[in-house]
Amino acid sequence: MQEKFAIIKSNAVAEIEKVNSTRELNDLKVKYLGKSGEITALLRGMKDIPAEKRSEFGKMVNDLKVEVGEIFEQKEAGLKEKELLEKFEKEAIDITLPGKKIKTGNLHPINIVKNEIINAFSGMGFEIFEGPEIETDYYCFQALNIPKDHPARDMQDTFYIDEDIVLRSQTSTGQIRVMEKKQPPIKILSPGRVYRSDDDASHSPMFHQCEGLVVDKGISLCDLQGLLDEFVKLVFDKQTKTRLRPSFFPFTEPSVEVDVTCSKCHGKGCSLCKGTGWIEILGAGIVNKKVLENCGIDSNEYSGLAFGLGIERVTMIKYGITDIRTLFENNVKFLKQFDRR
Amino acid sequence: MKAPLSWLKEYVDIDITPEELEAKLFSCGLEVEETIYFGKNIDKIVVAKILKTEKHPNADKLTVTQIDAGKYGQLQIITAATNIFEGALVPVALDGSTLFNGEHIYNGQLRGLPSFGMFCSGEELGITDDFYPGASVNGILILKEDYPLGAEVKEVLGIEDIIFDINVTANRPDCQSILGIAREVAAVLDKPVKEPAYDYVATKGVSTKATIKVSDLAPELCPRYMAHYVKNLKIGESPMWMKKRLFSAGLRSISNIVDVTNYVLLEIGQPMHAFDLSDLDGAEIIVRRANEGEKIVTLDQKEFELNNNNLVICDSVKPVALAGVMGGLNSEIKETTKDVIFECAKFARDNVRKTARLLGQRTDASSRYEKGIDANSAEVGLKRALHLVQELGMGEIAEDNYDLLFEKVENKVIKTTITKINAVLGITVPTDVIENVLKRLNFGVEIDGDNITVIAPLYRDDIEDYPDIAEEVIREYGYDHIEPTLLKTAKITAGGLNDEQKKIADFKTLLTGYGFNEIITYSFVSEKEYDLFGLDKNSDEHKYIKIKNPLGEDLSVMRTSLLPSMCRILAGNIKRKNQEGRLFEFAKIYQPKTLPLKELPEENEVVSLGMFGVEEDFFSIKGVVEDLLSNFTATANVSYVKCDKKCMHPTRSANVVVNGEVVGYFGELLPQIADKLDIDKRVYVGEIKYNLLKKHFDGKVTFKQISKFPSVERDLAISVDANVLWGDIVDIIRKNAGENLESVKLFDIYTGDQIAAGKKSMAFNLTFISAERTLNVEEIDQVIKNILTALNKEIGAELR
């Protein structure tokens, strides 16, 4: 009997060894351990065993069943792992093939820069105000201390709709519209389209400006420089410095041109800055008393600072664009270059 | 303004390098746009004496010369020039030398004989007769003085000069002159200005008033008119020093009398004119507005027809000058001129500007008048001219003159405080520095404690109040003294975008998320676009505003639709062989309330969409519009109806209707228009009127509890007539589905063998859910039955 048990076991082990798949192994399991399997069949021979030996026999059969079962389990675990590995191997792909294209767009570079400017000044407490583009002569010039005979009108070639209505040539118009409605403290930023009769590689008949205005008690040139220092660091980089030098605008007195250290050479001098290390970036100044008074603000109590910058100019400097017209061609290949965050 | 360094040095002792001076001028507000190093190129061109000349053995037209070039020795030079002679002193460009224009000269061979350089003409040295007599001749410059042999010609002739081309700001017309710039130079160097001489001795018995009558009938356009008589004039050449000065500033010498007026224009900044007295009919000068249609021929022989807004200088019968712009040909200075009347006037800047622009006649004089001259300038200029007349011994100067003055000539006085000046700057400038700076700039200064009284020189018309004084102080003291502060005295404000601005930013963010790139195009378009795109310019929607002075027809009307601009950009991209693109523009259109404009027009925000590429079709642009609307107007009643725009494909375009209002349209661009734009593929475009759409925005998001109960799904396929619209089917389903219908999703449309001709099959999924309970099969069955019955009844649909 023991011999028979040993034969069954050794047969099972031999057969299990030969098996190569979980499916075959399952069949084999049925052959030995199934309802009518060889080992189960042994129990059916119980009736031929003398009653006193039956319990021993039963135990032996059970032990054999457990023993063989364990061998099956071991084999099964090995096979499963092998089969899984084969499956992975079969599913192998070229992970260097391109991913499924996600098509996203982005804002126009002018508006990317415009938003950077807005963000920089929003953080410093500036509200955003956008006035009309078609303006009266009064808001565009007269209220800004540029009377009709003023030579400063030559500085800007204006598009006219009629004698008194113009396409605004500067966003400074926003200053007046805000100050007429609001008493200090005023901190506004006024971005938008402006128009001048000019068309070449560095001038476009339509372009974007951003005007800034602060009116409060005790505003001085020191505040102007402080504010612009912060701004250029946010829009260019942390090393950028500003330089003020005298200039003239009818709506500010004193007036300054503001230069920044060249973003390319950081002041050493290169082709972008024509060797000077500085790039002219905006005009600014202390709001002319007459402008405050035109808007009903007491110039004895309050003073203000104002600055105006060309967004195209900042964009071109920032990205190294040399011809302003590139910005308005709107070639998809150009536009998509600005999708990096 | 071009200012030669050599001329500036006449008034100021400049002891720094030109580069240092340029930097100093820059920091005080006179930006040097260009520094011209006149004659800097010239090198190794030396004085030589011609010792011997003989004919070239191999060439008829060449001469072989032996020269003595001092330390460079005796050399042989071959030349084609014919005006040379033995004993002549000439400039010789030696081996490796450089001419004025940058060209180099080397030793060479001419017809078999070596030549060790080249003789130079005046042109090759960059000079003319105005600089050195004989420099304009067609030939070699023969030097007239006895210069040392071998000396550098540019040094002995003083050719080299540095010319600063200075950008003068509009508030500083006084710097439109050499003297004005010299004053600024003196101030930055803290040195005195040597004023030019203004004195002269009049000839007894010569009287302006006895000779001519002068009247000013238009004082509003001519606030000051001075006239001075000079008798027995000797017309001739100007002295070399004057010619050289004019030459250095780029002007040509004409005759002594004309040169004097030009000299004063450059030196003092005061335009002048000289009339030939014999040409003035009736011995009279009248300043008046031109009569309508009156004509004048100016010195440059151009005829102009004038109107009542042009100011003219007339004699008793005719105009003799276009005031402030140019003199008349009929009274010009001639060789025969014996007696002249000098005019020195102030004309209204706006009027000169308008006249010069209108007639397209801009001159040195008009450009100075346009910027404005101060009331005193006429007097200073006249005195200086008369001094020069006397210095040059040109004629007899009258004892008296006309000075028709209609405005005050007085110094501006600013009474303010040191505190106020410093408050503008934000720093405390030492009082003695303030005083010193202002005195350097020729201001009178009186300080009493904090009080300061500043008297501006007459030529500083721009000074009005203490901020001007602050600017004078800081531009001399230096902007590097400003210490940056961050609005230390200002109140805190919140700042940032307002709700409406944030919505626009969100709207754009969504579009970029859909793969759209933003474009920016001009706000003005060609009038022709209206015909091309079939936009009715008589309708209120497309009444447009025209620009009076556009850059061209293509940029002449303020657009009332973004569509043409978008289509042009699509066309441009397709022409550049870009394969696909999704573009949007968010911009304003300009809609007049009335035409001509009586008030400012409405400026309304519009979004335009444009798409092209193999993956795009009507439904891709519709998907974009639907998603936009579901983001912003989720609860609104949105429908899509046929679009009747002439620019759109008649069966592949739709109007977007939100709560009964048409807010835009989209679809395929009409193929005929695409054709005209050279677009060779289907493009999809649309416009959403943001200003209309925003009225339907829903506002806040509110959380809705997700049902805990299971949903029930049913798939149905129905057969309907091929022309039945899905939109109608959805309406019927929704009407009959009861409150628990969550969604209707179309997943298949089929036409073909398996279905009768003229029919189509539409398969869709219905999902039901309740927030309160589990739905039972029987009630869903009933709902489906109701839906099918209704579909059958209303559109003849059959369940497949």
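Chain A is the first sequence line, chain B the second, and so forth, proteins listed ahead of strands; every chain is numbered from 1.
- Ranked by non-hydrogen atom pairs under 4.5 Å with chain B, the options A/P246, A/S220, A/S122, A/S247 are led by A/P246.
- Interface remark: B/I520 contributes backbone and side-chain atoms alike to the contact with chain A (heavy atom separation under 4.5 Å).
- Of the atoms belonging to B/E615, it is side-chain heavy atoms, and not backbone ones, that fall under 4.5 Å from chain A.
- Heavy-atom distances place the side chain of B/L555, and not its backbone, under 4.5 Å from chain A.
- Considering only heavy-atom pairs separated by less than 4.5 Å from chain B, the leading option among A/Y195, A/F207, A/F126, A/F159 is A/F159.
- The candidate with the highest count of non-hydrogen atom pairs below 4.5 Å against chain A, out of B/D468, B/L497, B/I492, B/T169, is B/D468.
- Between A/I165 and A/D137, every side-chain heavy-atom pair lies at or beyond the 4.5 Å cut-off.
- Salt bridge A/R243/A/E257: absent, no basic N to carboxylate O contact under 4.0 Å.
- For A/E133, the parts sitting under 4.5 Å from any heavy atom of chain B are the backbone and the side chain alike.
- Ranked by heavy-atom pairs shorter than 4.5 Å toward chain A, the options B/K508, B/R568, B/R475, B/K588 are led by B/K588.
- Using a cut-off of 4.0 Å between Lys/Arg side-chain N and Asp/Glu carboxylate O, A/R245 and A/D259 are scored as salt-bridged.
- Salt bridge A/K289/B/D465: present, at least one basic N to carboxylate O contact under 4.0 Å.
- With a 4.5 Å cut-off on non-hydrogen atoms, B/K354 does not touch chain A at all.
- Per-residue heavy-atom pair counts under 4.5 Å with chain B were compared for A/D216, A/D223, A/L189, and the maximum is reached by A/D223.
- Contact check on B/R172 versus B/E184 returns a salt bridge, with a Lys/Arg side-chain nitrogen under 4.0 Å from an Asp/Glu carboxylate oxygen.
- Within the 4.5 angstrom heavy-atom criterion, no atom of A/T276 approaches chain B.
- Among B/L486, B/L487, B/I569, the residue making the largest number of heavy-atom pairs under 4.5 Å with chain A is B/L487.
- Contacts between A/I118 and chain B at a heavy-atom distance below 4.5 Å involve the side chain alone, from C-beta outward.
- For chain A, the nearby parts of B/N549 are the backbone and the side chain; heavy atoms of each come within less than 4.5 Å.
- Between the A/Q209 side chain and the A/T171 main chain, a donor and an acceptor come within less than 3.5 Å of each other.
- With a 4.5 Å cut-off on non-hydrogen atoms, A/E253 touches chain B through its backbone and its side chain both.
- Contact annotation for A/V256: only side-chain heavy atoms (C-beta onward) come within less than 4.5 Å of a heavy atom of chain B.
- In this structure, B/V424 and B/Y466 have side chains that are in contact, with non-hydrogen atoms separated by less than 4.5 Å.
- Under a 3.5 Å cut-off, the side chain of B/N578 and the backbone N or O of B/E580 do not form any donor-acceptor pair.
- Heavy-atom pairs under 4.5 Å with chain B peak, among A/S255, A/G285, A/S303, at A/S255.
- A/I102 does not touch chain B: none of its heavy atoms, backbone or side chain, sits under 4.5 Å away.
- Between B/V352 and B/R368 there is no side-chain heavy-atom pair separated by less than 4.5 Å.
- When heavy atoms are compared at a cutoff of 4.5 Å, B/S27 approaches chain A solely by way of its backbone atoms N, CA, C and O.
- For B/A423, the part lying near chain A is the backbone, with the side chain staying farther off; criterion is any non-hydrogen pair under 4.5 Å.
- Only the backbone of B/P550 comes within less than 4.5 Å of a heavy atom of chain A; no side-chain atom from C-beta onward does.
- By number of non-hydrogen pairs under 4.5 angstrom with chain B, the leading residue of A/I286, A/L107, A/I219 is A/L107.
- Ring orientation note: the planes of B/F524 and B/Y522 are nearly perpendicular, at an angle over 60° on the 30°/60° scale.
- Between A/E127 and A/K187 there is no salt bridge, since none of the side-chain N atoms of the basic residue sits less than 4.0 Å from a carboxylate O of the acidic one.
- Only the backbone of A/D198 comes within less than 4.5 Å of a heavy atom in chain B; its side chain stays farther off.
- Interface check for chain B: of the options A/L167, A/T242, A/N115, the most heavy-atom pairs under 4.5 Å are formed by A/L167.
- If you measure heavy-atom distances from B/K491 to chain A, the contacts under 4.5 Å come from both the backbone and the side chain.
- If you measure heavy-atom distances from B/L597 to chain A, the contacts under 4.5 Å come from both the backbone and the side chain.
- Interface check for chain A: of the options B/A587, B/G581, B/A494, B/A348, the most heavy-atom pairs under 4.5 Å are formed by B/A494.
- Although no hydrogens or angles enter the test, the distance criterion places no donor-acceptor pair under 3.5 Å between the side chain of B/K548 and the main chain of A/V166.
- The shortest side-chain heavy-atom distance between B/P173 and B/D462 does not fall under the 4.5 Å cut-off.
- Between A/N106 and B/N517, the side chains place a donor N or O and an acceptor N or O closer than 3.5 Å (distance only, hydrogens not considered).
- The contact between A/V214 and chain B is made entirely by side chain atoms (from C-beta outward), counting heavy-atom distances below 4.5 Å.
- Here the side chains of B/I427 and B/I474 are in contact, with some heavy-atom distance below 4.5 Å.
- In this structure, CD on A/E130 lies 11.0 Å from CD1 on A/I188, to the nearest 0.5 angstrom.
- Of the atoms belonging to B/E585, it is side-chain heavy atoms, and not backbone ones, that fall under 4.5 Å from chain A.
- With 3.5 Å as the limit, one finds a donor-acceptor pair spanning the side chains of B/T35 and B/E22.
- Neither the backbone nor the side chain of B/R582 comes within less than 4.5 Å of any heavy atom of chain A.
- The aromatic rings of B/H481 and B/Y477 sit parallel to each other, their planes meeting at less than 30°, with 60° as the upper class boundary.
- The greatest number of non-hydrogen atom pairs below 4.5 Å with chain A, out of B/G478, B/G426, B/A490, B/G515, is found for B/G515.
- Between chain A and the options B/G513, B/A470, B/A505, B/S523, heavy-atom pairs under 4.5 Å are most frequent for B/S523.
- We find that A/D339 and A/K336 are not joined by a salt bridge, their nearest charged nitrogen and carboxylate oxygen being 4.0 Å or further apart.
- Contact annotation for A/N331: both backbone and side-chain heavy atoms come within less than 4.5 Å of a heavy atom of chain B.
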